[in-house]
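Naming convention: chains lettered A, B, ... in sequence-line order (proteins, then strands); numbering from 1 in each chain. The figures here come from the full heavy-atom set of this structure, side chains too, leaving out hydrogens, waters and symmetry mates. Here the structure is a predicted model, which means the values were calculated and not measured.
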Amino acid sequence: MAHWLMKSEPSVWSWTQQVEAGAKGTFWNGVRNHQAKQCLMAMKKGETAFFYHSNEERAVVGIVEIIKTFYPDPTDESGKFGMVDVRAKKPFKKPAPLTAIKGETALAKMVLVTNSRLSVQPVTDEEWRIVCAMGGL
DNA sequence: GCCAACGTTGGC
DNA sequence: GCCAACGTTGGC
């Protein structure tokens with residue numbers, strides 16, 4: 001099963017809001033980048049993704065689960081992009097900050113490190129395991 | 001708030 | 001089809 005990482009600015013959509021959305025979850029819209037779109041399209045129901053707070057916080061704060069696969073984003077006028085639905089699965093006991101991720105040599109190839117601007121990205125099994133451990137899981 | 005990195009747009 | 005200009009993202 002594949003793993004992912006999804007970024008959000010906490011001032012726009014935060015982990016707290018994701019948790020409040022509950023088991024029903026919410027749609028993850030606003031992706032307007034083809035690489036990110038490819039990732040969204042590759043996601044399968046039941047797969048898991050890190051929830052990363054960008055900008056103000058810069059840390060992985062929890063895990064979300066994909067509950068609905070790729071479908072068109074009604075807010076995209078071009079009709080090219082789409083979104084998935086996610087629900088909060090598990091919070092990190094403590095956030096795994098970007099600085100810690102960058103300081104770990106085994107994570108040097110993480111997309112978060114090599115292509116910081118990509119908003120939805122794949123995570124390898126090993127990276128998943130290490131970052132979960134950082135988060136106290 | 002600044003700026004580097006990247007993606008997109010548009011003129012040629 | 002190339003590339004300069006511009007806009008956006010996100011780390012610092």
Side-chain angles (χ1 to χ4, degrees):
Chain A
M1 196 133 80
H3 300 295
W4 311 93
L5 181 145
M6 303 171 90
K7 280 199 251 186
S8 183
E9 292 188 38
S11 56
V12 177
W13 181 254
S14 70
W15 171 252
T16 308
Q17 288 173 290
Q18 186 68 59
V19 170
E20 283 168 2
K24 288 204 316 281
T26 52
F27 51 86
W28 191 281
N29 73 342
V31 169
R32 294 293 181 272
N33 171 285
H34 289 285
Q35 256 186 292
K37 180 195 166 185
Q38 290 308 116
C39 293
L40 289 179
M41 291 178 74
M43 289 176 177
K44 298 194 186 77
K45 203 174 168 181
E47 287 183 341
T48 45
F50 288 134
F51 191 111
Y52 176 82
H53 275 168
S54 66
N55 287 321
E56 302 99 286
E57 190 176 351
R58 270 166 283 127
V60 176
V61 291
I63 295 171
V64 293
E65 179 185 350
I66 314 302
I67 53 172
K68 185 173 178 182
T69 52
F70 192 82
Y71 61 103
D73 179 349
T75 68
D76 172 31
E77 288 174 17
S78 75
K80 288 182 196 162
F81 296 100
M83 57 201 193
V84 298
D85 283 5
V86 298
R87 68 172 177 88
K89 188 176 188 191
K90 207 169 194 186
F92 270 19
K93 290 205 179 76
K94 58 189 173 78
L98 181 64
T99 49
I101 289 169
K102 287 196 161 176
E104 174 60 63
T105 46
L107 297 177
K109 290 202 182 122
M110 246 187 114
V111 181
L112 191 65
V113 177
T114 59
N115 185 3
S116 62
R117 291 193 52 201
L118 187 59
S119 59
V120 183
Q121 42 183 269
V123 173
T124 68
D125 290 345
E126 191 191 4
E127 289 161 357
W128 183 265
R129 194 171 46 75
I130 296 170
V131 177
C132 280
M134 279 181 176
L137 300 183

Within this structure, what is the CG-to-C1' distance between Asn55(A) and dC3(B), rounded to whole angstrom? 14 Å
Can you find a side chain N or O atom of Gln35(A) that sits less than 4.0 Å from OP1 or OP2 on dC6(B)? no
Let me know the distance between NE2 of His34(A) and C1' of dT8(B), rounded to the nearest Å. 9 Å
Look at the side chain of Arg117(A) and decide which nucleotide, out of dG11(C), dT8(C), dT8(B), has an atom nearest to it. dT8(C)
Given dG11(C), dC6(B), dG10(C), identify the nucleotide with an atom nearest to the side chain of Asn115(A). dC6(B)
Rounded to whole Å, the NZ-C1' distance (Lys7(A) to dT9(C)) equals 8 Å
So, Asp73(A) and Arg32(A), do they make that salt bridge, N to O below 4.0 Å? yes
Rounded interatomic separation in angstrom, taking NZ from Lys102(A) and P from dG11(C): 7 Å
Please report, rounded to the nearest Å, how far the P atom of dC12(C) is from the CG atom of Leu112(A). 10 Å
For Tyr52(A) and dG11(C), is the shortest distance between a side-chain N/O and OP1 or OP2 below 4.0 Å? yes
In whole angstroms, how far is the P atom of dT9(B) from the CG atom of Asn33(A)? 12 Å
Rounded to the nearest angstrom, tell me the gap between atom CG in Leu98(A) and atom P in dT9(C). 18 Å
Over all atoms of both residues, closest heavy-atom pair of Leu40(A) and Val84(A): O-CG1, 3.7 Å
Of the listed nucleotides (dC12(C), dG10(C), dT8(B)), which one gets closest to any side-chain atom of Arg58(A)? dC12(C)
Between P on dG10(C) and CD on Glu9(A), what's the gap in Å once rounded to a whole number? 6 Å
Could you tell me whether Phe70(A) atom CZ has more than 12 heavy atoms of other residues or ligands within 6.0 Å of it? yes
Looking at Lys80(A), does any N or O in its side chain come under 4.0 Å of the phosphate oxygens OP1/OP2 on dT8(B)? no
Heavy-atom check, side chain of Tyr52(A) versus side chain of Ser8(A), under 4.5 Å: no
Plane angle bin for Phe51(A) and Trp28(A) - parallel if under 30°, tilted between 30 and 60°, otherwise perpendicular: perpendicular
